[in-house]
Q: 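Take a look at this one; I'll ask things after.
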Amino acid sequence: MSRIKQFKSQTRDLIHRGFDRHIKLAVTGLSGAGKTALITGVLEQLLYANESQNLPYFNVRQHQRLIGCRLHTSPNWDTPRFDYEKAIERLTGTPGQWPESTRDVSEIRLELKYHPERGLAGKVLDERRLTVDIIDYPGEWLLDLPLLSLTYEQWSKKQRTLFSTEPRKELAEAWLHQLNDLTAVATDDNAEKQIKVVAKAYRQYLADCKEQGLKLLQPGRLVLPGELAGTPSLDFFPWPLEQPVPDAWQSLLERKFEYYKEQVVKPFYQNYFRHFNRQLILVDVLSALEGGESYFDELKLALNEIMQSFNYGQNSLLRRLFSPQIDKVSFVVTKADSVVPSDHAKLTGLINALTLEGRQQLQFERIPFDLFSVAGVATSQWKQLKNGTNVLEGIDQSGELVRVGAPHVPGRLPTREDWQQGYVYPHFQPNFTLADSPLPHIRLDKLLNSVIGDKLR
Ligand code: GDP
């Protein structure tokens, strides 16, 4: 390269670096909300954006300003990389399978190159870059934030009310039994061993609750431990009885609780959460409807707890401890391909109603938010029969192609009578080959435009 050319190229690189922008897009939601599928879908749409005919609302693509998008080397060697390739392998395998769900934090970096919109920058530069880190983490971890302001005793008292109501009451029987047996023989020298046994029973109880579809499960790492699996940091539990904790156990349980707050909860907020710029909160409204009234109510409670992590009021614990910088939150109902398109707006209406209280704080703090109903990977085809009936076609769990009538979606929060009728939705399976990339989706273009579009101008 001639020296002049080299100089020009270096100058251009410098200018580009100056304009380089970087965004940390975090994706969360409770287990099964669809995080892995959605991130895979988002990566598909971005990596194949220029080949896609299905991104009409992603402006940078629609206005043919996107030059390209590629995966970049991992930004953070301490954090596992989001396994996009494995997810695609499963989705396009024979038979097709859904990718493995999120169990820990993971991250993946993308780089987008694009032409800026008209204006000064457009005249000076021919291209710009945006780096996007997508971070996937379990929403259960956000349920731990309230622990930071509680003592072990206060936390136990709060939890106690939960154990006394069904379906938890029945599910808690085994661990309470275990606990009663061991408290009777608690001594200083076997305290650690005994607590470990009861903690194991408590984790099993949380796992059973999760299996049943319950959402408000604390502490989050006892449900989804990530890298802490098997470590003694998770050997504790709330005290469920009115009678006091045996002397032999008291100090150890309190210390474990404090350790968890300091060494597990706080580092997550400090090392990850504090750096996020944009947050997607995914919600599986359809499974909650299928689960019935108590599960739906529990989802609402859990979402409100989760939203405390976005309460940045001047005096909030979060702001004082971590100075977070999220400037936009999107609530996303997933799996919209399980209902017909004319019902998508109802899904958005339901998430609106479910998050109303928690969102007031966002409004107050002027953190913009929006609501979407999407499918990260769309597995059904919507058809309208000659008689006007809406149907969905897709592959069912036994591998058969099936056609189902439009499943009923309530247009408002269900009433007692609505719950009596119940709700059922199809569970379609992926059925793709590699040639189908970019895999079909619903409304990811609108979502992308909202969460990164402003950085691509
Ligand atoms: P995660 O626990 O939040 O990572 O959730 P996943 O992404 O693993 O999704 C959990 C399950 O929900 C999947 O195994 C699928 O059965 C279903 N699912 C997720 N995304 C979609 C989607 O876009 N459409 C449909 N029909 N089902 C989905």
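Atoms within each ligand, like the ligands themselves, are counted from 1 in listed order.
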Q: Ring pair (Phe, Tyr, Trp, His ring centres under 6.0 Å) with F236: which of Y152, Y202, Y260?
A: Y260
Q: Based purely on interatomic distance, does L38 place a nitrogen or oxygen under 3.5 Å from a nitrogen or oxygen of ligand 1?
A: no
Q: Is the ring pair F257/W155 parallel, tilted or perpendicular, if the boundaries are 30 and 60 degrees?
A: parallel
Q: For the side chain to side chain contact (heavy atoms under 4.5 Å, CB included) test, which of R221, K200, K256, K196 pairs with L234?
A: R221
Q: So, for F369 and F310, is the gap between ring centers shorter than 6.0 Å?
A: no
Q: Among protein heavy atoms, which sits nearest to atom 2 (O) of ligand 1, and what does the distance come to when rounded to 0.1 Å?
A: G32 N, 2.8 Å
Q: Only one of K335, K446, K346, R443 passes side-chain hydrogen bond (donor to acceptor under 3.5 Å, both in side chains) with S373; say which it is.
A: R443
Q: If you have a sec, work out which protein heavy atom is nearest atom 6 (P) of ligand 1 and how many Å separate them, to one decimal?
A: G34 CA, 3.6 Å
Q: What about F428: any of its N or O atoms under 3.5 Å from an N or O on ligand 1?
A: no
Q: Taking CD in E51 as the centre, count heavy atoms belonging to other residues, nucleotides or ligands within less than 6.0 Å. Is the count above 12?
A: yes
Q: List the closest protein heavy-atom neighbour of atom 18 (N) of ligand 1: residue, atom name, distance to the nearest 0.1 Å.
A: K335 CE, 3.5 Å
Q: Which part of T379 is near ligand 1, with near meaning a heavy atom under 4.0 Å away: side chain, backbone, both or neither?
A: side chain
Q: Give the residue and atom name of whichever protein heavy atom lies nearest to atom 8 (O) of ligand 1, and the separation in Å to one decimal.
A: S101 OG, 2.6 Å
Q: Quick one: look up the protein heavy atom nearest atom 14 (O) of ligand 1 and list residue, atom name and how far away it is.
A: W98 CB, 3.3 Å
Q: Among all the protein's non-hydrogen atoms, which is closest to atom 1 (P) of ligand 1, and how far away is it?
A: K35 N, 3.5 Å
Q: Any atoms of ligand 1 less than 4.0 Å from a non-hydrogen atom of V377? List them with their elements.
A: 22 (C), 23 (O), 24 (N)
Q: Can you report which non-hydrogen protein atom sits closest to atom 25 (C) of ligand 1, along with the distance?
A: D337 OD1, 3.3 Å
Q: For ligand 1, which atoms have a heavy atom of S31 less than 4.0 angstrom away?
A: 2 (O)
Q: Please step through ring-ring contact (aromatic ring centres under 6.0 Å, His included) for the pair F296 and W419, ending with a clear verdict.
A: CA-CA 10 Å; F296 195 78; W419 284 122; 5.4 Å; yes
Q: I'd like to know if K261 and D144 make a salt bridge, using a cut-off of under 4.0 Å between side-chain N and carboxylate O.
A: no
Q: Based purely on interatomic distance, does T36 place a nitrogen or oxygen under 3.5 Å from a nitrogen or oxygen of ligand 1?
A: yes
Q: Using heavy atoms and a threshold below 4.0 Å, how should the contact between S338 and ligand 1 be classified: side chain, backbone, both, or neither?
A: side chain
Q: Show your reasoning for whether ring-ring contact (aromatic ring centres under 6.0 Å, His included) applies to Y205 and F163.
A: CA-CA 11 Å; Y205 152 76; F163 302 132; 5.8 Å; yes
Q: Compute the minimum heavy-atom distance from A33 to ligand 1 and say whether it is under 4.0 Å.
A: yes
Q: Can you tell me if OH on Y57 sees more than 12 non-hydrogen neighbours from other groups inside 6.0 Å?
A: no
Q: With heavy-atom distances below 4.0 Å as the criterion, list the atoms of ligand 1 near A37.
A: 7 (O), 19 (C), 20 (N)
Q: When you compare the side chains of S52 and N54, does any donor N or O come within less than 3.5 Å of an acceptor on the partner?
A: no
Q: By number and element, which atoms of ligand 1 are closer than 4.0 Å to a non-hydrogen atom of A375?
A: 23 (O)
